[in-house]
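Here the structure comes first, spelled out in C-alpha cells, and everything after it is commentary.
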Amino acid sequence: MNTPRIKFVLSRKPDASEITVHGWVRTRRDAKNICFFELNDGSCLANLQVVLDRGGSVADDDVKRLQTGARVEVSGVLADSPGSNQSVELHAQTIRVIGDSPADDYPLQKKRHSFEFLREIAHLRPRTNTFGAVSRVRNALSYAVHRFFQENGFLYIATPIITASDAEGAGEMFRVTTLPYEKIIATGAKVIDYSRDFFGKPAYLTVSGQLNAEIYACALERVYTFGPTFRAENSNTTRHLSEFWMIEPEVAFCDLSCNIDLAEAFLKYILSAALTECTADMEFFDLRIQKGIIDDLRAVIETKFARITYTDAIAELGGSGREFEYKPTWGVELQTEHEKFLTEHVVKGPVVVTDYPKDVKAFYMKQNDDGKTVRGMDVLVPRLGEIIGGSQREENLSVLENRIAELGLDRDAYWWYLELRKYGTVPHSGFGLGFERLIQYVTGMQNIRDVIPFPRAPGAADF
RNA sequence: UCCCCUGUAGCUCAGUCGGUAGAGCGGAUGGCUGUUAACCAUUAGGUCGUUGGUUCGAGUCCAGCCGGGGGAGCCA
C-alpha cells in the first residue's frame, strides 16, 4: 500500500536509491545470464520492466516462480533502459514472490484472448490490458460526469432504486418482493395479495430516475442523477444490459434548445476528459480496438452538432435513394438503420433529431402547437446510433392531464407529478444517457458487456 | 422474443468426397551475451458441447437439447 505505484515509478528519473514496487507478472523472458520480467499493478497501461542478473542475489528457484500472474515484490534501483520500449527499468536486487500463479493452468496467457472467453473469467479479466484500460477510462469518466455537473451548479440527487410507482412505463420492470412465492403457489392461490407484501403494494427496481429528478428540479433548478437502473426487457444485443448506470440531468427554465445545448456541452466535456486524462489508454484503444477513434472523438468535440426535426429527417431518408429494410414513414419511430444512416451518411457526424410524433413518445413530453409533435430529442452519433434521449417536459397542468387521460393512464398514480404543475410550474427539460453506452462510444468496445465490470443480461448474472 | 452463425488441445483455429485428429500460441525441459508478441530445439496434452439417428464406418450427414456470438425488435 505504501510502495509507489508503477505509473509513478515510470515517470521518475533514475537515481541510485533503492525502491520497492509491487505488481503482478505479465511476462518473462530469459536469456542465459539475464532475466527480464514485466510488472503491472493497474495504475497504468504500461508495465515496469524488471532486470535480474541470473546467478546473482536471487535464487534460480525464485526466478522460476516469476510466472505470468504471480504477485511479487521487487526491490532494486531504477536505471535508464537501453531497450527501445521503455525509458527506465528496475534492476532487481531482491524479489519476494507473494502469490504464486501456477502457469500450467492459469487461464490468462501472454497472448491475446477473445472477449467471449474473458467474459467467462470475469474475475481475472481486469488483469488484461483491455479491461485495465476500460476500467481506468470508466473511472475517469465517472469522475468527469460529476465534475461537469458540479462545475455548472447542478446538485447530485439520489433518486430511489426501489419504486412503488408502477407508472414509469419505460420498459419491463423487475419486481421487488418478500412474498414467499413457493408457498403461495403451493396453496394454489390465483391472485397475489400485494397488500401483504413488504411495501404494502407492488414494488419494482427503477427504470429511470427522471420523474423523481423533476421533483428536485422544480425546487433546486439544476439537478442530476447518476445511478444504477434496471430493465427486465428480454433484450439480447451488444448495447443492452439488464443493470446499467444512467445519467439524468433535469433543468428548470430550460427549453428543448437549451436541453440540446446542455447535452452537446456535456458530451464534449466527457470526450475531452477521456482524451486528456487517459491518453495512454486511448492510444491503446486506437491501436488495438477501434482504429482512428481518437480522431473521431476529436472531430466530435470540434463539430457543432447538427439539428434536424423528425419530419425533415423522414423526408431526408425518403429522398436519399437508399433501400431500407423498413421504409421511413412519418408517424413511425426511426429504426436503427435510419438513425445510423442519418448520422453516418447524411450528416457524417453527431446529429440531434427533434420534434417527434407525439404517439411514439412518452406522455410527459411537451406538446408542440401543431398538435402532432412533441419536444423530444435524440442525440445520434456514428458507430453507435442513439446515445442520448431527452425532452422538454409538459409543464401545463391541463395539457398534461388531457394527455394522461388520452392514453388511458391512471391519473391517481401521477398525483404528485401533476402537483408539480399545479403549484409554481416551470418549463423544464432533461435527458438520459446510458453510462455504459458512453464508455462504449469512447473506447470503441463493441459489446456493452465488456465495459461494465459485472454485466447482467438475460440469463447472465454470474460473478 | 425472432432471424442467422458457431461449439475440435489450456487459448485461437484448420480438418477436403464420411475412412479412428492437426497447426500456431500457451505449458514443461534444454539452449541462447540485453530481451520486449524474444528466439532455437525437444516434449506432454483430445470421450471433437450433449443425446439420439443414418451408415460397415461419423469431428464430418440428420434431429432434439445445452452453451457462445452477431443482427432485429424494445431501449439508454
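So that the names make sense, note that chain A is the first sequence line, chain B the second, and so on, each numbered from 1. Just so you know, these numbers come straight off a predicted model, no measurement behind them.
A/Y326 has its OH atom 15 Å from the P atom of B/G71, to the nearest Å. Residue A/I121 contributes atom CD1, which lies 13 Å from atom C1' of B/G26 at whole-angstrom precision. Going from atom CD of A/E325 over to atom C1' of B/C3 covers 10 Å, rounded to whole Å. Rounded to whole angstrom, the span from the NZ atom of A/K32 across to the C1' atom of B/U29 amounts to 17 Å. A/R26 places its CZ atom 23 Å from the P atom of B/U35, with the value rounded to the nearest Å. One can place CG of A/L66 at 16 Å from C1' of B/U36, the figure rounded to the nearest angstrom. Going from atom NZ of A/K64 over to atom P of B/G27 covers 14 Å, rounded to whole Å.
Under 4.0 Å is where a charged nitrogen must lie from a carboxylate oxygen, and between A/D450 and A/R125 at least one such pair does. Between A/R449 and A/E436 there is no salt bridge, since no side-chain N of the basic residue sits under 4.0 Å from a carboxylate O of the acidic one.
Heavy-atom nearest nucleotides on RNA chain B were determined for A/P82 and for A/I388, and the one closer to the 5' end corresponds to A/P82. If you find the closest nucleotide of RNA chain B to A/E333 and to A/K340, the one lying nearer the 5' end belongs to A/K340.
Other residues, nucleotides and ligands contribute at most 12 non-hydrogen atoms within 6.0 Å of the CZ atom of A/R288.
Panel note: side chain A/Q392, backbone A/L256; a donor-acceptor pair is recorded below 3.5 Å. Judged purely by atom type and a 3.5 angstrom limit, A/R403 has no side-chain atom pairing as donor or acceptor with the backbone of A/F363.
Nucleic acid contact class of A/E243 (heavy atoms, under 4.0 Å, all strands): none. At a threshold of 4.0 angstrom between heavy atoms, the contacts of A/A103 are confined to the sugar-phosphate backbone, with no base atom among them. Backbone-only contact: A/R119 has heavy atoms under 4.0 Å from sugar-phosphate atoms and none from a base. Note on A/G432: only backbone sugar-phosphate atoms sit closer than 4.0 angstrom, heavy atoms only; bases stay farther off. Within the nucleic acid shown, A/Q335 comes within 4.0 Å of sugar-phosphate atoms alone, with no base atom in reach, counting heavy atoms only. Nucleic acid contact class of A/L241 (heavy atoms, under 4.0 Å, all strands): base. Contacts of A/N47 with the nucleic acid, taken as non-hydrogen atoms under 4.0 Å apart, are absent. If you check every strand for non-hydrogen atoms under 4.0 Å, A/T68 touches nothing. Residue-level contact check: A/Q86 touches the bases, meaning some heavy atom is under 4.0 Å from a base atom.
As rounded to the nearest Å, B/C5 and B/C48 have P atoms that lie 24 Å from one another. Separation of the C1' atoms belonging to B/U20 and B/G15 is 14 Å when rounded to the nearest angstrom. Atom P of B/U12 sits at a distance of 14 Å from the matching atom of B/G70, rounded to the whole Å. The gap from the P atom of B/U55 to that of B/C62 amounts to 16 Å, rounded to the nearest Å. Comparing the P positions of B/A28 and B/U16 gives an interatomic distance of 34 Å, to the nearest angstrom.
The side chain of A/T238 approaches B/G70 more closely than any other nucleotide in the set B/G34, B/U35, B/G70.
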Across nucleotides 7-12 of chain B, 5' to 3', mark each nucleotide with B, S or - according to how protein heavy atoms within less than 4.0 Å reach it. ---BBS

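Between A/Y310 and A/W330, the two ring planes are perpendicular [angle over 60°; tilted spans 30° to 60°].
Applying the 3.5 Å distance criterion, the base of B/C74 shares a donor-acceptor pair with the side chain of A/S235.
Test A/F226, A/F154, A/F148, A/Y224 against A/F266 for ring pair (Phe, Tyr, Trp, His ring centres under 6.0 Å) and you get one pass: A/F148. Applying salt bridge (Lys or Arg N to Asp or Glu O under 4.0 Å) to A/D41 and the options A/R5, A/R127, A/R71 leaves one that passes, A/R5.
The side chain of A/N447 places an N or O atom within less than 4.0 Å of a non-bridging phosphate oxygen (OP1 or OP2) of B/G70.
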Between protein and nucleic acid, restricted to nucleotides 64-66 of chain B and to nitrogen or oxygen atoms under 3.5 Å apart, what atom pairs and distances do you find?
none

Can you give me the dot-bracket string for RNA chain B, 5' to 3', counting Watson-Crick and G-U wobble pairs with both distances under 3.5 Å, using [ ] for crossing pairs and | for partners on another strand? (((((((..((((.....[..)))).(((((.......))))).....(((((..]....))))))))))))....

